[in-house]
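Inspection log for the structure reproduced underneath, given as structure tokens.
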Amino acid sequence: MFRRVLIANRGEIAVRIIRACRELGIASVAVHSTADHDCLHTSLADESICIGPPAPAQSYLNTPAIIAAAEICDAHAIHPGYGFLAENAKFAAVCRDCNIGFIGPSPEAIALSGDKAACRETVKAAGVPVVPGSEGIVGGSKGAADTKRAVAIAKEIGFPVLVKASAGGGGKGMRIAHNDVALQNAVSMASLEAQSAFGDGGVYIEKFVENARHIEFQILADHHGTTVAVGDRECTIQRRHQKLIEESPAPGLTTALRTKMAKAAVRAAEAIGYTNAGTAEFVLAPDGQFYFIEFNARIQVEHPVTEEVTGIDLVREQFRLATGERLQDTEVVTTGAAIEARICAEDPEHGFVPTPGLVSRCHVPGGPGIRVDSHLFSGYNIPRYYDSLIAKVIARGRTREEAIGRLAGALQEFATEGVKTTARLCARVVKSDRFQRGDIDVKLLDDFVPKGN
Ligand code: MV4
């Protein structure tokens with residue numbers, strides 16, 4: 001096992017990884033921006049190194065600074081967490097060239113899963129259903145996007161269609177179009193947007209699957225050809241592509257459907273040449289048809305719900321797999337149900353504006369079946385530079401009902417003095433009849449988000 005690992009991240013995921021290091025007997029090295037000097041990851045790690053001013057590009061995205069920090073402290077590997085450098089193929093390649101382990105997939109697998117249009121073709125060729133749409137991109141990568149071709153494809157598959165950025169993912173730069181004129185506009189605009197946001201204007205087309213649910217499968221893959229799906233997650237409750245509530249197992253799936261989707265997820269990962277922990281994302285149509293949409297080459301925010309129902313420590317598995325160890329639990333058993341609510345420092349009453357600032361006092365819930373993954377502490381000053389996620393409250397139960405009851409209670413308890421959060425909003429959602437019935441769709445949130453937001 002690695003003796004010393006650098007964590008190229010901050011917040012709750014950095015804390016989560018430090019805890020895994022501690023259990024495995026790995027010395028942990030935090031890196032932090034000047035704004036994060038007093039953060040929990042900075043103080044919990046065995047060592048910490050300041051890597052620059054708070055702008056992400058000057059600290060947590062600064063490859064030379066992070067590699068230098070790893071060299072200085074003699075770290076044998078880097079764990080990127082999620083976001084920042086986690087799905088940056090170049091960064092993974094630099095680690096390889098510097099003989100520093102990268103806790104994640106190969107640069108090649110990252111590059112392929114990051115090219116959403118190419119990934120779609122690769123996975124489709126392996127026999128996994130994808131949404132009807134364009135073969136590869138409809139241009140935009142070099143020169144203008146081909147609006148005529150987009151219209152021709154839409155004619156074949158029928159409106160409405162989605163225009164997606166090939167370098168995007170997670171709904172970033174996604175546009176819906178209901179007719180020819182709107183589609184031409186959407187394709188041009190999406191391509192220009194993608195060019196400025198990702199430096200790559202490639203866009204592709206998919207039929208818009210109406211009233212779809214977002215279901216994903218956690219994958220673990222070793223370097224010896226074994227790939228397993230270790231449970232599914234329901235992630236449909238999102239606002240502007242930010243998930244609010246996730247759970248495992250996804251309610252309402254038959255065993256037959258779950259098995260079929262798990263096999264498709266494994267096949268997708270194998271086609272990509274994936275190793276380590278990753279996630280295959282699907283949309284599930286109301287008629288029971290499912291379609292692969294993209295593959296995420298990282299540990300995800302919502303990984304704890306899978307850990308709670310499988311008993312697998314996914315971050316520990318990431319370390320084990322990165323050292324070349326074989327997968328052990330190839331027959332994964334899941335028990336009970338787990339639900340996660342993301343608590344963000346945002347004000348739902350005012351358009352979800354971020355609410356950085358001092359948390360003068362706080363109370364974090366506990367009790368049977370409650371887990372809180374967080375970097376929050378009394379006196380924490382939430383910096384304004386980063387993502388607003390401050391805590392994940394995860395409830396486990398023998399049944400979904402028990403998990404819901406526990407989560408509702410825990411969210412009710414959660415308190416931060418000085419900053420507004422999304423905790424109460426999440427409590428209202430999980431206590432609702434619709435959520436309790438498992439009647440989950442993309443519109444469910446509309447009933448809970450205050451008007452005008
Ligand atoms: C879709 C879709 C329907 N049809 N793609 C993409 C990113 C992820 N956040 C959800 N995504 C979706 N992609 C096709 N071809 C439906 C979703 C989707 C969704 C989109 C917007 C807001 C909430 C959503 C919840 C579930 C699924």
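In listed order, ligands and their atoms are each counted from 1.
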By number and element, which atoms of ligand 1 are closer than 4.0 Å to a non-hydrogen atom of [X]?
| X | result |
| --- | --- |
| Glu206 | 5 (N), 14 (C), 15 (N) |
| Gly171 | 7 (C) |
| Val442 | 23 (C), 24 (C), 25 (C), 26 (C) |
| Leu162 | 1 (C), 4 (N), 5 (N), 14 (C), 15 (N) |
| Phe208 | 3 (C), 4 (N) |
| Thr236 | 25 (C) |
| Lys207 | 4 (N), 14 (C), 15 (N) |

Handout entry: Partner residues of Glu340 under the salt bridge (Lys or Arg N to Asp or Glu O under 4.0 Å) criterion, sequence neighbours left out
Key =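 For Glu340, no residue satisfies salt bridge (Lys or Arg N to Asp or Glu O under 4.0 Å) once neighbours in sequence are set aside.
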Handout entry: Arg384: partners by salt bridge (Lys or Arg N to Asp or Glu O under 4.0 Å), with sequence neighbours left out
Key =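 Per chain and number, Arg384 pairs via salt bridge (Lys or Arg N to Asp or Glu O under 4.0 Å) with no residue.
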Problem - Heavy-atom closest pair, residues Val138 and Arg149 - result: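 Taking every non-hydrogen atom into account, CA-NH1, 4.0 Å.
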Exercise for the section: Write down the atom of Ile7, the atom of Cys21, and the distance for their closest heavy-atom approach. Expected result: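 Where Ile7 meets Cys21 most closely, the heavy atoms are CD1-SG, 4.5 Å.
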Practice task
For a salt bridge (Lys or Arg N to Asp or Glu O under 4.0 Å) with Glu247, tell me which candidate from Arg233, Arg396, Arg213, Arg400 qualifies.
Solution key: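 When salt bridge (Lys or Arg N to Asp or Glu O under 4.0 Å) is applied between Glu247 and each of Arg233, Arg396, Arg213, Arg400, only Arg400 qualifies.
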Among all protein heavy atoms, pick the one closest to [atom] and tell me residue, atom and distance.
| atom | result |
| --- | --- |
| atom 5 (N) of ligand 1 | Lys164 NZ, 3.0 Å |
| atom 2 (C) of ligand 1 | Val283 CG1, 3.6 Å |
| atom 21 (C) of ligand 1 | His241 CE1, 3.6 Å |
| atom 4 (N) of ligand 1 | Val209 N, 2.9 Å |
| atom 11 (N) of ligand 1 | Ile293 CD1, 4.0 Å |
| atom 20 (C) of ligand 1 | Met174 CE, 3.9 Å |
| atom 9 (N) of ligand 1 | Gln238 OE1, 3.0 Å |

Handout entry: Lys/Arg cation over aromatic Phe352: Arg239, 6.0 Å, 45° cone
Key =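 Geometry flag: set, cation within 6.0 Å and 45°.
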Polar side chain donor-acceptor pair, [X] to [Y], under 3.5 angstrom:
| X | Y | value |
| --- | --- | --- |
| Glu346 | Ser388 | yes |
| Thr306 | Gln218 | no |
| Ser33 | Tyr386 | yes |

Exercise for the section: Tell me which part of His214 gets within contact of ligand 1: side chain, backbone, both or neither, using heavy atoms under 4.0 Å. Expected result: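 Both of them.
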Practice task
Kindly state if atom 18 (C) of ligand 1 has a protein heavy atom within a strict 4.0 Å cut-off, that is, under 4.0 Å?
Solution key: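 For atom 18 (C) of ligand 1 the answer is no, since every protein heavy atom stays at 4.0 Å or beyond.
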Exercise for the section: May I ask whether Glu294 places a heavy atom under 4.0 Å from ligand 1? Expected result: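 No, that is not the case, since the closest heavy atom of the residue is not under 4.0 Å from the ligand.
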Handout entry: Main-chain N/O of Lys420 paired with Asp347 side-chain donor or acceptor, under 3.5 Å
Key =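 Checked: no pair found.
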Problem - Whether His41 and Tyr60 hold their rings parallel, tilted or perpendicular, with breakpoints at 30° and 60° - result: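 Tilted: the ring planes of His41 and Tyr60 meet at 30° to 60°.
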